[in-house]
Amino acid sequence: TVARAATGRGSDLPGGDVLVVEAGISGLFTGAGYALIGVTITLMYRSTGVLSFAHAAFAAVSAYLYIDLVDGGIAKPLAATLAVAAATVYGLVVERVVIRPVRHADAATRLIATLGVLTFTSGVLLWHYGFSPLTAEVLLPTGSVTIADVAVSYQKLAVFGVAAVSSVTLAWFLERTRFGTAVRAVAEDPEAARLHGVSLATVARFNWGLGAALAGVIAVLMAPLQSVNVGTFTLLLAKALTATLVGGLSSLTLTFAGGLLVGVVENI
């Protein structure tokens with residue numbers, strides 16, 4: 001604000017109002033990360049009835065592996081691809097080893113199972129990496145665009161773009177495709193869906209693999225924007241869960257809007 005006053009640039013709004021507007025705009029891009037995690041949690045809940053805490057574990061694995069690979073001399077695009085692939089594989093392993101054995105249990109048991117995945121993963125990461133925060137290199141080229149006097153980096157734009165496109169695509173997929181209908185049918189009545197020829201195992205693998213992959217993508221994009229430690233993505237998960245409340249654990253569109261709202265309010 002002082003710099004704009006000295007140069008004659010900026011808005012005619014009072015200084016405090018300018019700061020609020022700038023914080024709100026910046027919060028939209030921060031909240032996009034919460035929105036995408038919230039969307040994947042909502043997708044998981046709609047399709048399996050499981051409220052997943054394991055997404056924070058998938059994100060943490062992806063972020064730490066990305067940092068490791070880049071520090072080891074691997075090109076950043078390849079490191080990001082390998083990190084997301086590892087998170088996806090981990091999601092599939094969790095589905096087979098942890099979730100499938102309790103698929104007929106009550107909702108509380110399945111929720112505790114996902115919390116166990118997060119706790120176990122956090123312990124392994126702490127054992128291997130320690131408590132000291134790590135920093136990740138920015139995946140995209142340095143640079144920014146200016147939106148209403150707010151400089152937004154390419155990395156933050158990528159977070160927003162990936163979150164928006166993924167949310168719209170997933171909403172369309174669930175409502176407009178045959179397999180999307182099968183996913184929703186499994187959530188509503190697994191036995192009826194099985195009798196109509198839907199493979200419950202295939203749907204479960206798809207849900208967990210996709211959810212882990214999206215968590216991995218957002219982790220790689222958000223890791224360079226903050227320090228990375230074991231608690232980073234658990235906190236991100238808490239904010240994403242707030243976004244799911246706006247969507248009522250049913251609407252992907254409202255969940256996305258809820259994530260943006262959380263980011264804006266947090267920044268302001």
Side-chain angles (χ1 to χ4, degrees), residues 29-30 32-37 39-41 43-44 52 54-97 117-118 120-145 152-170 173 205-237 240:
F29 295 93
T30 303
Y34 311 153
L36 183 54
I37 296 295
V39 164
T40 62
I41 292 172
L43 173 66
M44 184 71 67
S52 172
H55 281 65
F58 305 147
V61 167
S62 181
Y64 273 103
L65 184 56
Y66 172 72
I67 293 171
D68 250 357
L69 293 173
V70 172
D71 288 347
I74 304 296
K76 289 184 286 187
L78 178 58
T81 302
L82 293 175
V84 172
T88 305
V89 171
Y90 189 31
L92 294 173
V93 170
V94 166
E95 185 279 324
R96 182 64 185 87
V97 176
V117 171
L118 175 57
F120 169 77
T121 306
S122 298
V124 171
L125 292 174
L126 279 173
W127 170 72
H128 185 70
Y129 293 99
F131 288 89
S132 299
L134 302 180
T135 56
E137 292 192 25
V138 177
L139 177 61
L140 299 179
T142 56
S144 62
V145 298
V152 180
S153 68
Y154 294 149
Q155 191 84 7
K156 286 188 175 182
L157 284 173
V159 171
F160 188 91
V162 168
V165 171
S166 298
S167 300
V168 171
T169 302
L170 287 173
F173 164 78
R205 283 194 295 268
F206 170 81
N207 288 329
W208 283 92
L210 178 63
L214 290 175
V217 168
I218 208 65
V220 166
L221 291 174
M222 292 194 70
L225 304 176
Q226 57 198 317
S227 61
V228 175
N229 57 41
V230 170
T232 297
F233 295 100
T234 303
L235 181 59
L236 188 151
L237 174 71

Can you give me the closest heavy-atom contact between [X] and [Y], atom names plus distance?
X: K76; Y: V138; answer: NZ-O, 2.9 Å
X: A59; Y: F233; answer: CB-CD2, 3.7 Å
X: V220; Y: A83; answer: CG2-CB, 4.2 Å
X: Y154; Y: P141; answer: CD1-O, 3.3 Å

For [Y], is there any backbone N or O sitting under 3.5 Å from a side-chain donor or acceptor partner on [X]?
X: T232; Y: S227; value: yes
X: S62; Y: G216; value: yes
X: Q155; Y: L139; value: yes
X: S166; Y: A163; value: no
X: T121; Y: L118; value: no

Point-to-point distance, once rounded to the nearest 0.5 Å, from [atom1] of [X] to [atom2] of [Y]:
X: W208; Y: L92; atom1: CH2; atom2: CG; value: 11.0 Å
X: L214; Y: L170; atom1: CG; atom2: CG; value: 6.0 Å
X: I74; Y: T81; atom1: CD1; atom2: OG1; value: 11.5 Å
X: Y34; Y: I41; atom1: OH; atom2: CD1; value: 13.5 Å

Is there a donor in the side chain of Y129 and an acceptor in the side chain of N229, or the other way round, less than 3.5 Å apart?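 Judged by distance alone, the side chains do not pair up.
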
Look at the rings of F160 and F29 and say which category their plane angle falls in: under 30° parallel, 30 to 60° tilted, over 60° perpendicular.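 Rings of F160 and F29: tilted, 30 to 60°.
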
Should V159 and L36 count as side-chain neighbours, where that means a heavy-atom distance under 4.5 Å?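 Answer no - side chains too far apart.
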
By ring pair (Phe, Tyr, Trp, His ring centres under 6.0 Å) - contacts of F206 (at least two apart):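 For F206, the residues satisfying ring pair (Phe, Tyr, Trp, His ring centres under 6.0 Å) (neighbours in sequence not counted) are F173, F179.
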
